[in-house]
Amino acid sequence: MLRFKILASTFPLVLAAVFARGGFAPATQPCIAIGETTVRIAAGPWQAQSQVSFTDDPRRATVRVQIVDSAEAADFAVVDDVQDSSDGDACRSNAATRLIGISAAPAADAAVIYLSQDGDADYRIFVTSNSFTPRDAAALIVGAHDGPGHGGAARLAAAAL
């Protein structure tokens with residue numbers, strides 16, 4: 001009887017932990033592949049190697065990202081919902097995978113992103129996706145830029161093509 005009571009008391013905790021993580025199956029996090037490096041949104045904040053945050057105040061931003069209306073006008077474009085993908089393993093995790101966390105409270109050294117449709121931006125993105133949001137794309141492109149071995153928007157955009 002004692003075993004049943006212990007099992008009954010731990011079951012709600014296990015159930016809460018499963019649903020806090022988003023269910024039984026791990027969800028695929030948005031990611032991009034740049035050269036040999038994969039940059040992925042971290043599933044949990046403790047996994048992130050870099051943090052970014054967002055602001056609605058352009059004066060608080062350290063990076064400005066503009067959402068544009070066409071892929072031709074973008075430095076970085078996400079169009080991932082194509083039925084026939086020729087490289088399904090482009091975003092697999094490996095030793096060079098960088099995990100980016102999106103934080104509600106920015107750290108002192110974290111990039112603070114201002115996302116808008118206005119000009120005067122450090123990056124221009126185009127997103128047409130059911131699995132990526134413009135925030136995801138902005139976090140990935142800024143997180144990839146802040147990582148080791150990446151030296152600027154032009155170099156990053158060229159590597160992504």
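Just so it is clear, the model here is predicted, and its values are computed rather than measured. For this chain, numbers begin at 1 and follow the sequence in order.
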>> Within the structure provided, determine whether Ile125 and Asp75 are in side-chain contact (heavy-atom separation under 4.5 Å).
In response: no
>> Less than 4.5 Å apart, side chain to side chain, heavy atoms only: is that true for Thr128 and Val78?
In response: no
> Can you name the residues that form a side chain to side chain contact (heavy atoms under 4.5 Å, CB included) with Asp69, not counting sequence neighbours?
Replying inline: none
>> Please say yes or no: joined through hydrophobic side-chain contacts below 4.5 Å, possibly via intermediate residues, are Val63 and Val52 part of one cluster?
In response: yes
> Between the side chain of Gln47 and the main-chain N/O of Ala42, is any donor-acceptor distance below 3.5 Å?
Replying inline: no
> Are the side chains of Tyr123 and Val142 in touch, meaning some heavy atoms are under 4.5 Å apart?
Replying inline: yes
>> Could you tell me if the side chain of Thr38 sits less than 4.5 Å from the side chain of Arg98, heavy atoms only?
In response: no
> Sequence neighbours excluded, which residues qualify as side chain to side chain contact (heavy atoms under 4.5 Å, CB included) partners of Arg135?
Replying inline: Phe54, Ile102, Leu115, Thr133
> Do Phe132 and Leu140 come within less than 4.5 Å of each other through their side chains, counting heavy atoms only?
Replying inline: yes
>> Once salt bridge (Lys or Arg N to Asp or Glu O under 4.0 Å) is applied, what residue pairs with a partner in residues 44-62 remain, sequence neighbours excluded?
In response: Asp57-Arg59
>> Taking Val65 as the starting point, is it possible to reach Val127 by hopping between hydrophobic residues whose side chains are less than 4.5 Å apart?
In response: yes
>> Counting C-beta onward and ignoring hydrogens, is there a side-chain heavy-atom pair between Asp120 and Asp118 closer than 4.5 Å?
In response: no
> Taking only residues two or more places apart in sequence, or in another chain, which ones meet Arg64 in a salt bridge (Lys or Arg N to Asp or Glu O under 4.0 Å)?
Replying inline: none
> So do the side chains of Ile67 and Phe126 get within less than 4.5 Å of each other, counting heavy atoms only?
Replying inline: no
